[in-house]
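Inspection log for the structure reproduced underneath, given as C-alpha cells.
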Amino acid sequence: MTPWTSFFPWVNDYFPSWVQSFFGVFIATLLVIVPLLTIFVYLSRKISADIHARIGPAVVGPAGMFQPVADLLKILQRHTVVKEAPLAPLIWFYLRWMIFFSTIAIIPLGFAASIFNSELGILFFFWIVLAAMLATMFVGISHGSAQGWFLGMQIWAQAVAGAFPASVTIVCAALHSGSFQWTMVVDQQGFSPLYWSAFSNPFQFISFLVFLSSGVALVGLSNILDGVFVYNDYGKGMRIILSKLLYCYSIFLWSIMAVILYLGAWNLPPRLISAATYIGGNPAVNITQLGCLFIKCFFLMLVMVFLNNALPRRRSDQITYYCWRILGPLSLLALFGEGVINIGGMLK
Amino acid sequence: MFDSSEWLNTDLNTFEIGPYDYRLQAPMKLSLKADGELIVSAAIETGFLHKGVEKALEIQKWRASIAYADRLDSSAAVFAELALCLGVEEIIMLPVPPRAQKIRIILSELNRISSHLACVAAVARSTGALAVMHHVLRDREQVLDLLELVSGARFSPNFLRFGGVKEDVSDGFIEKMIETCETILIRLKEYDKTLIFSDTFIGRAKKVGLIEKKLANETGMTGPNAKATGLMYDVRSSSPYSGYADIDINVPLAPAGHEHLGDAYARILIRIQEIATSIDILKQAAEKMPIGDFCSKKPEDEIIVPRGEAYIRVESSRGLLGCHVVSDGGPTPARIQFRTPSMAGVMALPKVLPGNKLDDLSVILSSMDLGMSEVDK
C-alpha cells in the first residue's frame, strides 16, 4: 500500500498499487505542488520587488494576487518569432524537465502521504537532482555551438562541485538518524527546535549550513542555460513556463530536503496531533503535518529568494572554487565529527 | 597583464557576440577567440547606431543645431549642447552672462551624476546585484526630475542657447537641488555598504578588464576610465570653461601603486567619487549663483555666425568631448565635428579583453561605460 492512500482507504479495494502511485503523483502535482509554486512565485515576486524598491505585481486581483495566473495565460499565447530549435537540445530540455519532476513521486509530504517510501529515499532523491544536472549539461552540449559546449561543461563542473559537499552532508544527516529512509530521519527528530537535527550538535549545524549553501550553488544552475538558449533561441511560451516552473521547483526541492533532514520535518506537538485527530481523524493530522512541512519549506525558499535578490552573484568558477575549497572540507569536518559522536555513543 | 598559466592551449573557440546581446550595454559586434573560458583575442565592429548626426547638423539652421547635438548621446546630452554653444560663442565672440554660466555648470553636473549612476546600475546588473541596481536607478530618477524641472525634459533637454540658456531656473529649484544632493550623498554611503565594499563585488571586479596607463595614453583615453589608470586629465581643472574657473574641483584619481589601479573596480570607484565631486560643484555653483540675465540675447532669435572656426573641449561624463565648429558665414554650419571620449575605449577594447574570462565580459563593458551612440554618431 502506498502511504498516501490512507486518506482514501477504499482505493485499495479497486486499484493495483502502480495505479495508486500514478494517481498519487497526479494528485500531489495538481493539489499540492502547482498551488504551492504559484503562491511561491507570487510571494517571491512581491518580496524581490520590495527589496528592489519596486511595487511588484499589483494589477490582476487584490494586491496582484492573480498576476502569476495572468502571466501564465499571457506567456502561453506567445508565438515563436525566431528559428525553430534543433531537436537534440529540445529532447534534453524536456528530459531534464521530466527527471526533475519525477521527484514528485518520492517527496515525502507527511508521514502518511509519501507516495514512494524507499529505504534509500534520501540518496535516490539526491541522485535524481544530479541526473537532472547532467541532462542540463547535455542541453548545452547538444546545442551545437561553442557557447553551448562552454556553458554545458561549466554547469556540470559547478554541479559536481556543489554535489560533493551536498552528498557528504546527506551522509552526515543519515549517520545521525541511522537510516537513509525519509520516515526514519523524521522519526529521529521532534517538533521542538531543540530536537531538530540541525541543532542536535555543532557538526549537524555545520552540515545544515553546508547543505543549504551547496543547494544555492546547485539549484541556481537550472536557470543558466534557459537564460541563454530558451529565451534567445526557442522562446516558445510553454517552454518559458516550464523553465520558470523548473527553477521554482528546484528551490522547493532543496528546501524540502533541508527541512526534512535538519529542521524537524512535519513533526507536530502532541497536543496539536490530539486536537487534529479529534477534529478530523487521520486525514486532519496528515493535512496539519503537510501545513507544518510547507511553512518551514516556504521560509527556506524565501530565504533563498532574498539571498538571490539582495547580494551580487559570484562567477561560476568562483562558486566552484568556493564549493571545493570551503564547503567540501567543512562537510568532511561535519561528517568526521558526527562519526566521532556516533562512535562515542556506541562505546557508552 | 594576465596569468598565462591559465591557458589551456586547446583549439580556440570563436564567439560572435552582438550586435544585440544581453552582455552588451549597447549595439556592437564582438568577435572573440577563446581558449577555454579565457579570451585570447577580440575584434570589435561598430556603426550599428549610426545616425548621421554630424551630417544632419550641416543642414540645420544654427539655432536648430542645438537640438541635433543632443542626439550625439542621449545619456550625456548636455555636454554636446555645451560644446557646440561654446564653439559658436567663440566664433561670434558672444559673451555669456555669469548666471547662465552657473546654470550651465549645474546642468552639466546633474547630467554627469545621472550618467555615472546609470553606469553604476549597469555594473550592478552585470554582477547580479539587482537590488543595488534598482536602488541606483531610483536615485537617478531624482536627478532626472531636476533636469525635467529646469528644462522640461529628462533626456535631451535642448535647453542651452547661444549666449546663455533658454530660461532661468524656476523658483525653489536650487533648494530642491541641494536637497537631492544631500540625499544622494547618503545613498553613496549605502552603495559603499551594499556594493562597493561587498566581498562578492570586489571578487567580481578586481583585476578584471585591466587598462594600463600606457594603453590609456596611446588610445587617448580620458575621463573616469583614464583616471582609474592613474592618468590625470580633467578639462574642468586643466582648461576651465564656462565658469569652472571660479569653482574648486577635487578631481578624483586612482593613486599610483594602488592594488586596483586600472581595473573595473577602480573605474567604478572613480565614478562614485566623481558623483561626490559633482555634488560639491553643484553646492558651490548654488552658493555663487549671481543675479542677472540668463541669456545675452533673446533665446529664440536666430543668429548670424560669421566665417570662422573654433575647437572647444569640455569634460563630459565619459571624458574629453571635443567639438570643431566651422562656419562659412551661411545660415547653416559648414561643418561640426565631435571628438567623442568613448571612441578611445572602443579602440582599447581589443587590447583590454584578452586574458579575461568570458563571464567577465559584461562587467568589463559596463564598467568602461562606452557610449556607443556617441561612437557611431
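Note on naming: letters A, B, ... go to the chains in the order of the sequence lines (proteins, then strands), and numbering restarts at 1 for each one.
- Classification of A:Asp317 and A:Arg315 as a salt-bridged pair holds, one side-chain N sitting under 4.0 Å from a carboxylate O.
- Salt bridge absent: B:Arg267 and B:Asp369 never bring a charged side-chain N and a carboxylate O closer than 4.0 Å.
- For chain B, the nearby parts of A:Arg314 are the backbone and the side chain; heavy atoms of each come within less than 4.5 Å.
- A 4.5 Å side-chain heavy-atom check between B:His135 and B:Arg187 finds every atom pair outside the cut-off.
- A salt bridge is absent between B:Asp263 and B:Lys206: the closest approach of a Lys/Arg side-chain nitrogen to an acidic carboxylate oxygen does not fall below 4.0 angstrom.
- With a threshold of 4.5 angstrom between heavy atoms, B:Arg138 approaches chain A through side-chain atoms but not through N, CA, C or O.
- Residue B:Leu358 touches chain A through its side chain alone, counting heavy-atom pairs closer than 4.5 Å.
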